[in-house]
Amino acid sequence: MALSTAAETSAIFDGLNAVAQAGMTMAVSLGVWVAYRQLHIWKEQDIVKKKADIAEELLAASMEISDKLRGLRTPFDDIPE
């Protein structure tokens, strides 16, 4: 009878150990997936930020060129007919 109880107890602990390992595997998998998604989101945000910075620089350069071209015009261009 004592062997039967010890075997049952051992089987219960083995089952709990298997459940704990499965839970740990799921938790680690979830953590890796979340980290992957966050990295992907961060990369997308970085690309958008770089595009916005480039667009801002292009706008500033075009405004500067436009101002210089206005200064090159003759003063007679503004005289109404």
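Every heavy atom of this structure was used, including side-chain atoms; hydrogens, water molecules and symmetry mates were not.
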Please tabulate, one pair per line, all N/O donor-acceptor pairs under 3.5 Å involving side-chain atoms of residues 33-53, not counting sequence neighbours.
from  : atom 1 : to    : atom 2 : distance (Å)
His40 : NE2    : Glu44 : OE2    : 2.9

Would you mind listing the cluster partners of [X]? Hydrophobic ones only (ILVMFWY), side-chain contacts under 4.5 Å, chaining allowed.
X	value
Met26	none
Phe13	Ile12, Leu16
Met63	Leu59

Open item on the list: I'd like to check the salt bridge (charged side-chain N to carboxylate O under 4.0 Å, His left out) partners of Glu57; sequence neighbours left out, ordered by chain and number.
Closed with: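 Result, salt bridge (charged side-chain N to carboxylate O under 4.0 Å, His left out) vs Glu57: none returned.
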
- [ ] Please name all residues satisfying salt bridge (charged side-chain N to carboxylate O under 4.0 Å, His left out) with Asp67, sequence neighbours left out, ordered by chain then number.
- [x]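 With neighbours one apart ignored, the set is Arg70.
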
Task: Any donor-acceptor N/O pair, Ser66 side chain to Ser62 backbone, under 3.5 Å - done: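 No.
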
